[in-house]
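Each remark here refers to the structure printed beneath this line.
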Protein chains: 2
Amino acid sequence: MQYQQFKHCGLNVALNMLSGKWKPIILYHLFHQQEMRFTELWRIIPKVAKKVLLEHLKQMEAHELIIREEKHTFPPEVYYRLSERGKALGPALSALELWANEYAADEVTELKQRKKVTA
Amino acid sequence: MQYQQFKHCGLNVALNMLSGKWKPIILYHLFHQQEMRFTELWRIIPKVAKKVLLEHLKQMEAHELIIREEKHTFPPEVYYRLSERGKALGPALSALELWANEYAADEVTELKQRKKVTA
DNA sequence: CAGTATCCGACCGGATACTG
DNA sequence: CAGTATCCGGTCGGATACTG
């Protein structure tokens with residue numbers, strides 16, 4: 001057995017922080033854009049309800065994966081960006097991505113098809 | 001930005017296959033034990049309902065992460081083990097585990113505490 | 001032993017309307 | 001613009017009892 005070194009507790013913690021329908025795509029965009037306003041995120045992500053997006057962002061902030069920065073102006077401007085902890089997820093997410101593309105390619109392309117259709 | 005190489009679709013697929021309250025611990029044990037009977041799994045995992053455990057195993061089998069082998073005897077014996085696809089998850093899971101222990105150590109130890117108490 | 005059948009409560013994602 | 005309030009339906013984890 002080659003990969004015995006992981007214990008499930010850390011796994012639980014990590015998966016828990018990643019669970020949420022839109023969190024992967026949020027992370028994906030924050031990795032690319034560095035910093036995004038709430039509405040930017042909202043427009044880029046097809047049809048998520050504002051409430052839900054806010055909930056996810058709040059959770060991720062509570063988990064210290066992202067940082068919320070609010071300019072006290074009117075109208076308000078709020079920026080979200082990855083924390084160090086969030087950035088550190090990069091390699092792990094890449095590994096998952098790699099696995100999916102190598103070992104679950106069918107499901108991945110199927111998902112992409114569905115997104116094209118529904119989007 | 002260092003880790004732009006992942007796309008969220010593969011992530012979605014992977015996280016989807018890993019989502020389920022007991023899947024991490026199931027994987028953990030199958031990585032270590034190679035092959036386990038249903039009841040072994042059931043006893044090792046503290047208080048999961050049989051129905052739920054079966055559901056998770058079925059899903060993981062449908063996702064081709066594990067292989068179910070049934071000896072047609074009486075009483076029946078059923079063995080579960082990782083498929084190639086499942087084994088290939090090793091590095092990705094290790095990466096997540098590593099991240100959790102390095103960047104979310106507090107949450108991990110807290111979880112371990114809780115497990116001690118409730119178990 | 002392994003699996004199925006019911007039933008249930010909690011939680012989660014979502015739609016809509018409203019506020020500072 | 002960003003966020004809150006309410007309400008709703010589906011799904012998920014779970015408890016219990018039964019079957020081959």
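These numbers come from a predicted model, not from an experiment. Each chain gets a letter, A, B and so on, in the order the sequences are listed, and its residues count up from 1.
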**Message:** Measure CG/A:L54 against C1'/D:dT4 and give the value in whole Å, please.
**Reply:** 9 Å
**Request:** Give each stem of DNA chain C as a range with a range, requiring at least 3 consecutive Watson-Crick or G-U wobble pairs whose two distances are under 3.5 Å.
**Result:** C:1-20 with D:1-20
**Request:** May I have the distance from A:E55 (atom CD) to C:dC12 (atom P), rounded to whole angstrom?
**Result:** 9 Å
**Request:** Provide, to the nearest angstrom, the distance between the CG atom belonging to A:L53 and the P atom belonging to C:dG13.
**Result:** 12 Å
**Prompt:** Within this structure, what is the CD-to-P distance between B:E40 and C:dG3, rounded to whole angstrom?
**Reply:** 14 Å
**Message:** Would you say that A:Y80 contacts A:I26 through its side chain, given a criterion of any heavy-atom pair below 4.5 Å between the two side chains?
**Reply:** no
**Message:** Give the residues of residues 14-21 of chain A touching DNA chain C, defined as any heavy atom closer than 4.0 Å, sorted by residue number.
**Reply:** A:G20, A:K21
**Item:** Pairs where residues 101-110 of chain A contributes a residue and the test side-chain hydrogen bond (donor to acceptor under 3.5 Å, both in side chains) is met, not counting sequence neighbours
**Value:** A:E97-A:N101, A:E107-B:R85
**Item:** CA sep, side-chain torsions, deciding dist, call: A:L111, B:N16, side-chain contact (heavy atoms from CB on, under 4.5 Å)
**Value:** CA-CA 11 Å; A:L111 180 60; B:N16 198 25; over 6 Å; no
**Complete:** Against the side chain of A:A49, the closest entry in C:dA15, C:dG13, D:dA15 is C:dA15
**Message:** Rounded to whole Å, please give me the gap between CH2 in B:W42 and P in C:dG3.
**Reply:** 12 Å
**Request:** Please step through side-chain contact (heavy atoms from CB on, under 4.5 Å) for the pair B:L96 and A:L89, ending with a clear verdict.
**Result:** CA-CA 8 Å; B:L96 278 177; A:L89 265 175; 4.2 Å; yes
**Request:** For the pair B:W42 and B:F38, name the ring-plane relationship: parallel under 30°, tilted 30 to 60°, perpendicular over 60°.
**Result:** parallel
**Asked** Base, sugar-phosphate, or nothing for B:W22, non-hydrogen atoms under 4.0 angstrom?
**Response** sugar-phosphate
**Request:** For residues 69-78 of chain A, pull every pair meeting salt bridge (charged side-chain N to carboxylate O under 4.0 Å, His left out), keeping only residues two or more places apart or in separate chains.
**Result:** A:R37-A:E77, A:R68-A:E70, A:E69-A:R81
**Message:** Please check: side-chain N/O of A:S83 versus main-chain N/O of A:I67, any donor-acceptor pairing under 3.5 Å?
**Reply:** no
**Request:** Tell me whether the OP1 or OP2 atom of C:dC1 has a side-chain N or O from B:R43 closer than 4.0 Å.
**Result:** yes
**Asked** OP1 or OP2 of C:dC12 sitting under 4.0 Å from any side-chain N/O of A:H56?
**Response** no
**Request:** Check the pair A:I44 / A:E40 against side-chain contact (heavy atoms from CB on, under 4.5 Å), numbers first and verdict last.
**Result:** CA-CA 6 Å; A:I44 263 185; A:E40 278 185 272; 5.8 Å; no
**Asked** Looking at B:A92 and A:A95, what are the two nearest heavy atoms and their distance?
**Response** CA-CB, 3.7 Å
**Message:** Set out, in order, the CA-CA distance, both residues' side-chain angles and the distance that settles side-chain contact (heavy atoms from CB on, under 4.5 Å) for A:V48 and A:I25, then state yes or no.
**Reply:** CA-CA 11 Å; A:V48 60; A:I25 196 174; over 6 Å; no
**Fill in**
From CZ of B:R37 across to P of C:dG3 the rounded distance in Å is 10 Å
**Request:** For B:E55, check salt bridge (Lys or Arg N to Asp or Glu O under 4.0 Å) against everything at least two apart and list the hits.
**Result:** B:K51
**Request:** Compare side-chain N and O positions of A:K58 against OP1 and OP2 of D:dT4 and report whether any pair is under 4.0 Å apart.
**Result:** yes
**Gap between atoms CZ and C1', on A:F38 and C:dG20 respectively (whole Å)** = 16 Å
**Message:** Tell me the interatomic distance from B:Q59, atom CD, to D:dG13, atom C1', rounded to whole angstroms.
**Reply:** 11 Å
**Fill in**
Here the residues of residues 67-80 of chain A within 4.0 Å heavy-atom distance, strictly under, of DNA chain D are A:R68, A:P75, A:P76, A:V78, A:Y80
**Prompt:** Any donor-acceptor pair under 3.5 Å linking the side chain of B:K23 with the backbone of B:S19?
**Reply:** yes
